[in-house]
Protein chains: 2
Amino acid sequence: MKPPFEKNAGRRASRPSFEPLAPHELELADFFVRMAGILGVPRSVAEIYSLLYISLKPLDFDQIQGRLGMSKGSVSQGLKFLRDQGMILSVKEKGSRRELWHPTPSLAASLVSLLRSQVLPALEQASPALQRVLDGVQSDKTPPEVLERLSRLKRWNNRALELFPLLLPPPPEA
Amino acid sequence: MKPPFEKNAGRRASRPSFEPLAPHELELADFFVRMAGILGVPRSVAEIYSLLYISLKPLDFDQIQGRLGMSKGSVSQGLKFLRDQGMILSVKEKGSRRELWHPTPSLAASLVSLLRSQVLPALEQASPALQRVLDGVQSDKTPPEVLERLSRLKRWNNRALELFPLLLPPPPEA
DNA sequence: GCGTAAGTTCAAATATTAATGAAGATACAT
DNA sequence: ATGTATCTTCATTAATATTTGAACTTACGC
């Protein structure tokens, strides 16, 4: 097994008639792709975010597709993901249906939202499961050391569940 | 795209002549597999760790392979990973070459080591890269808002790099 | 209202990652 | 010293995840 999280560095070519990414834009894309990799977010999503992040003004669907040389489907799904995570916002020019995308002001808040969506469900599901594990070991046959291991795990999980909303407050709902 | 981090819940069958996993053992395995998934660690590795974690006494290679119904290669690589991360230790019974594996006492320390190995390299590589990005944008053409975004990113990265060793001290070397 | 710009969906194709197993290395008990 | 138990390696196969693109939907500008 390789150490996890290494992804290859395959690159797309921008479509003709769109400016290919400049070196510093590629570099930023690499950065975001790497970071996204740690969180299990696909490269296409990271590339889109990166492009919006470094762009002088909001970009529309076609510009994103064109400059990244990416399929329509990927752009659509990538934008959906970023939108759902609250990481990007759109504006419209009047007289056009086109949406123009740009990053939300706070990257920090975006990351928090991502983390929430990833780890909170895991923590929540774990709590009763760990209780069932504890119920499952016969305490007469199980050495105290193992019992201790397991209940420590449960305590941690509970603590994490308590702490989580404090550290990463849920976004205010509409 | 599915929300990241969902892995399927496929299960192995234990090899004949080895006790299959009991329900509470399966439950703990699910927990560890889930958590490992968040960090991009493969399920086979999580299963091995989980089995050692709940076992009454240290297990040898064959017991691990047998109870999990896993290939030799996977057991070998999984143990290597866990060993390298400092998450498991071995003892030997005298008169046998066999190693008996058990989890290291501190799961916390183990997780810290895992995190280190995952995010520290990314942070380190990012630092000069982000500087190059900043050098790459022509500050005359780039709106102040974008410049601000980019330098904030760099500041964060630097801060994270400073903080990291404080939060997660490196293991004392031999 | 209607034509079409603008975007979405999803089944199929590709790319990536993990698991397997047979052949090879190692070192210890004898 | 040697035979073999014990483990490792790695090319192959299997499983998953991501991307593509063509068919479909939607809703706006006219």
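Chain A is the first sequence line, chain B the second, and so forth, proteins listed ahead of strands; every chain is numbered from 1.
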Which nucleotide in [options] has an atom nearest any side-chain atom of [X]:
X: Ser96(B); options: dT6(D), dT8(D), dC7(D); answer: dT6(D)
X: Glu99(A); options: dA19(C), dT9(D), dG7(C); answer: dG7(C)
X: Phe61(A); options: dG7(C), dT19(D), dT20(C); answer: dG7(C)
X: Lys72(A); options: dT8(D), dT9(C), dG7(C); answer: dG7(C)
X: Lys80(A); options: dT19(D), dA19(C), dT9(C); answer: dT9(C)

Worksheet item: Is Asp84(B) salt-bridged to Lys80(B), going by a charged N under 4.0 Å from an acidic O?
Response: yes
Discussion item. I'd like to know if Arg155(A) pairs up with Glu148(A) as an ion pair, taking the criterion as any Lys NZ or Arg NE/NH1/NH2 lying under 4.0 Å from an Asp or Glu carboxylate oxygen.
Written reply: yes
Integer-rounded Å distance: [N] [atom2] and [X] [atom1]:
X: Leu39(A); N: dT18(D); atom1: CG; atom2: P; result: 13 Å
X: Phe81(A); N: dT9(C); atom1: CZ; atom2: C1'; result: 18 Å
X: Gln65(B); N: dT20(C); atom1: CD; atom2: P; result: 9 Å
X: Lys94(A); N: dC28(D); atom1: NZ; atom2: C1'; result: 16 Å
X: Ile64(B); N: dT20(C); atom1: CD1; atom2: P; result: 14 Å
X: Asp60(B); N: dT6(D); atom1: CG; atom2: P; result: 8 Å
X: Leu82(B); N: dT8(D); atom1: CG; atom2: P; result: 12 Å
X: Leu79(A); N: dT19(D); atom1: CG; atom2: C1'; result: 15 Å

Presence of [X] side-chain N/O under 4.0 Å of [N] phosphate oxygens OP1/OP2:
X: Ser71(B); N: dG21(C); result: no
X: Arg83(B); N: dC7(D); result: no
X: Ser44(B); N: dA18(C); result: no

Worksheet item: Looking only at heavy atoms, what is the nearest atom pair of Gln65(B) and Met70(B), with distance?
Response: CG-O, 2.7 Å
Worksheet item: Distance only, no hydrogens: is a donor on one side chain within 3.5 Å (strictly under) of an acceptor on the other, for Asp135(A) and Gln131(A)?
Response: yes
Item to complete: Answer yes if the side chains of Ser113(B) and Ser110(B) hold a donor-acceptor pair under 3.5 Å, and no otherwise.
Response: no
Quick one: the side chain of [X] and the base of [N], do they pair up donor-acceptor inside 3.5 Å?
X: Arg97(B); N: dT26(C); value: yes
X: Gln77(B); N: dC10(D); value: yes
X: Arg98(A); N: dA6(C); value: no

Worksheet item: Looking across every strand, which nucleic acid part, if any, lies under 4.0 Å from Ser76(A) by heavy atom: base, sugar-phosphate, or nothing?
Response: base
Worksheet item: Quick one: does Arg67(A)'s side chain have a donor or acceptor within less than 3.5 Å of a partner on Glu19(A)'s backbone?
Response: yes
Practice prompt. Find which nucleotide of DNA chain C each of Lys92(B) and Ser74(B) is nearest to by heavy atoms, and output the residue with the more 5' nucleotide.
Written response: Ser74(B)
